[in-house]
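Below: one structure, written as structure tokens.
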Amino acid sequence: MQLKRVLTLRTVVATSAGLTLASSTFVAAVQVASYVLGDTAWIAILSGGVLCFLAAACFSELNGLLPSAAGIRLYFGRAFNNQVALTVSLLYMLIVVIGVLGAESYVLARVINEVFPGVQPFFWIVLLMFLVTVINIRGIKIAGHFQDVVTYGLIVSLVAFALIAFNRADFQLTAPFTPGSASGLINAIALGVFLFVGFEWVTPLAEEVTQVKQISQGMMIAIGILSVTYAAFTVAMTAVVPKEALAATAAPQMLFARSVLGEPGAAWMALVSLGASFTTFNAGIISVSRFMYASAREQVLPAIFSRLSPRFFTPWVSIITLFIVAVTVAGIISLTHQYLVLVELAAVMESIVYALVGLSVISLRRRMPDQPRPYRVKWGYVIPTLTIVVFTFLAAAVLETNRMALFILIIAFLFCLVYVNTAVPYLKKKHGQRKRSSRRRTS
Amino acid sequence: MATHTEITESLMVFKDKYNKNERLKVMNKDWDRVVVIKATDIESLHTLTVWKGVVSLNEGTTEKPDLTVISDSETLADIFYGDITPTEPYNDGTLKILGQEDDIIRLDFISLMIWGE
């Protein structure tokens with residue numbers, strides 16, 4: 001028995017890499033380069049990629065064991081308990097919405113401002129988000145082959161820019177193995193992880209592939225391709241433009257593109273950024289609105305979020321709510337310019353989730369030892385344990401240097417914890433009172 | 001554990017409720033899909049076919065379904081009798097649905113329209 005419509009490995013790779021590629025990753029790449037000496041950013045980026053391989057291996061085992069679009073909500077529920085799963089899932093969605101959409105919109109606004117300096121950047125952001133919202137409400141999905149074209153087009157563009165820059169600058173690595181202080185390198189690696197944020201969001205496609213293994217293969221290939229692409233692009237950026245100049249702008253890729261190819265290069269990079277941001281906004285709204293819908297259906301969020309459009313069968317209330325939240329966050333960030341805090345916050349949240357995923361692998365091997373696993377991480381508990389230790393350490397390292405991110409994270413965590421312990425029982429009780437007696441017995 | 005007959009009866013109830021709902025039939029007139037329902041703990045396979053908005057039920061399976069709903073017999077009977085929403089068993093991993101996300105949401109919507117929240 002085989003499903004009629006299935007996704008190919010090529011599309012799984014494109015989806016995993018496409019969810020990761022965003023305009024804000026260029027800012028993170030410059031941050032990575034700023035923490036290390038000379039042209040050694042590649043060390044931190046490749047290290048970040050290798051660490052993400054560890055997390056990807058753990059995700060692969062969990063995805064094979066429990067192939068479901070519910071993802072971490074299900075993994076953590078089985079590994080720990082429902083309360084932990086709910087709290088972490090809500091926190092994750094909250095931070096991702098605020099962090100990724102906020103940082104992304106700010107960076108994209110700067111990019112657009114460079115192309116159309118006469119128009120308020122915020123106007124363009126609202127317009128783009130409105131467009132993505134309408135597309136989502138109408139249920140127009142980015143088809144698999146379109147996602148392929150966009151993602152592979154972006155990767156080819158970044159590699160091409162890097163190669164042209166290397167050629168023009170007659171580039172040679174000067175001190176490739178001297179990254180500087182240990183603390184600088186650790187921070188660089190932690191931010192390097194942010195470059196890969198979202199690779200695991202492909203796991204909900206587990207129900208749309210013929211073999212669950214394709215998801216793990218897709219994640220690994222995507223991380224591999226992105227590691228090399230980011231490393232080359234970041235080293236090229238710092239080879240052509242001084243790090244200080246790159247760090248001083250929210251759109252470093254534009255400065256780099258203009259330096260390499262002049263105005264045509266800037267236009268090309270603006271298109272690349274637009275494509276990257278569009279797929280990020282779209283993926284963010286699809287994932288989070290579906291999460292809100294599913295949560296409302298199980299009485300975790302108010303029932304209003306489970307309202308579907310009878311015409312397009314999309315959760316329109318959740319989508320419009322996200323539009324309002326995203327525009328509000330974009331407005332606040334455009335006034336405060338605190339986008340780097342959001343980048344670091346998202347990196348920390350990802351690291352925490354990856355550490356918990358490692359812990360889940362260990363817990364579920366004990367709780368569900370006989371359950372079939374299409375993919376099992378090799379070498380016993382070594383990789384899950386490494387995943388826990390490394391990502392906990394990276395999260396702590398970023399939080400130690402950025403107290404604002406720590407403060408926001410604590411507030412958001414307490415909010416989610418209180419919500420899960422007070423509002424959720426109330427919603428469930430309210431629903432229980434309305435629920436009819438069993439039809440099965442009365443029918 | 002529910003029996004094969006109980007699952008069949010629950011699906012019959014589901015099918016009848018659906019076909020009496022004119023709004024649902026109009027909404028799904030272009031949504032032609034084949035849904036296989038498979039129990040994990042007993043031998044029980046059914047095929048629900050949505051064709052031009054109307055649902056029909058057959059015992060057994062089909063070669064290439066659009067959606068495959070897999071769970072234990074008790075959960076399947078509970079879902080199709082409307083005793084529980086599909087979301088809770090789905091989120092706790094008891095219920096697996098293989099297919100495209102849009103189709104899964106549509107199926108959930110049909111359940112919502114028939115049985116309410």
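Labels below follow one simple rule: chain letters A, B, ... track the order of the sequence lines, proteins then strands, and each chain is numbered from 1.
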> How far does CG of A:L66 sit from NZ of B:K96, to the nearest 0.5 angstrom?
Replying inline: 7.5 Å
>> Go through it in stages, so that I can follow the logic: the residues are A:R297 and B:Y90, the test is side-chain contact (heavy atoms from CB on, under 4.5 Å), and I'd like the CA-CA distance, side-chain angles, deciding distance and then a yes or no.
In response: CA-CA 11 Å; A:R297 285 285 279 141; B:Y90 182 74; over 6 Å; no
>> As a quick check of understanding, evaluate side-chain contact (heavy atoms from CB on, under 4.5 Å) for B:M27 and A:R311, giving each step before the final call.
In response: CA-CA 7 Å; B:M27 279 178 183; A:R311 192 167 167 203; over 6 Å; no
>> Can you confirm whether A:P310 sits close enough to B:M113 that some side-chain heavy atom of one is under 4.5 Å from a side-chain heavy atom of the other?
In response: no
Please table the atom pairs, donor to acceptor, closer than 3.5 Å between any side-chain atom in residues 71-80 of chain A and protein atoms at least two apart or in another chain.
unit_1: A:R73; atom_1: NE; unit_2: A:E298; atom_2: OE2; d: 3.3
unit_1: A:R73; atom_1: NH1; unit_2: A:N82; atom_2: OD1; d: 2.8
unit_1: A:R73; atom_1: NH2; unit_2: A:N82; atom_2: OD1; d: 3.4
unit_1: A:R73; atom_1: NH2; unit_2: A:E298; atom_2: OE1; d: 3.1
unit_1: A:R73; atom_1: NH2; unit_2: A:E298; atom_2: OE2; d: 2.6
unit_1: A:R78; atom_1: NE; unit_2: B:D92; atom_2: O; d: 3.1
unit_1: A:R78; atom_1: NH2; unit_2: B:D92; atom_2: O; d: 2.7

>> Rounded at 0.5 Å granularity, tell me how far CZ in B:F109 sits from OG in A:S306.
In response: 10.0 Å
> By side chain to side chain contact (heavy atoms under 4.5 Å, CB included), which residues pair with B:T5, not counting sequence neighbours?
Replying inline: B:T3, B:E9
>> Counting only non-hydrogen atoms closer than 4.5 Å, does B:N28 touch chain A with its backbone (N, CA, C, O), its side chain (CB onward), both, or neither?
In response: side chain
> What is the distance from atom CD1 of B:I110 to atom CZ of A:F313, rounded to the nearest 0.5 Å?
Replying inline: 7.0 Å
> Does a sphere of radius 6.0 Å around NZ in B:K15 hold more than 12 heavy atoms from other residues, nucleotides or ligands, not counting ones at 6.0 Å or beyond?
Replying inline: yes
>> Is there a side-chain contact (heavy atoms from CB on, under 4.5 Å) between A:R290 and B:I105? Walk through the geometry before answering.
In response: CA-CA 9 Å; A:R290 299 301 188 268; B:I105 288 190; 3.2 Å; yes
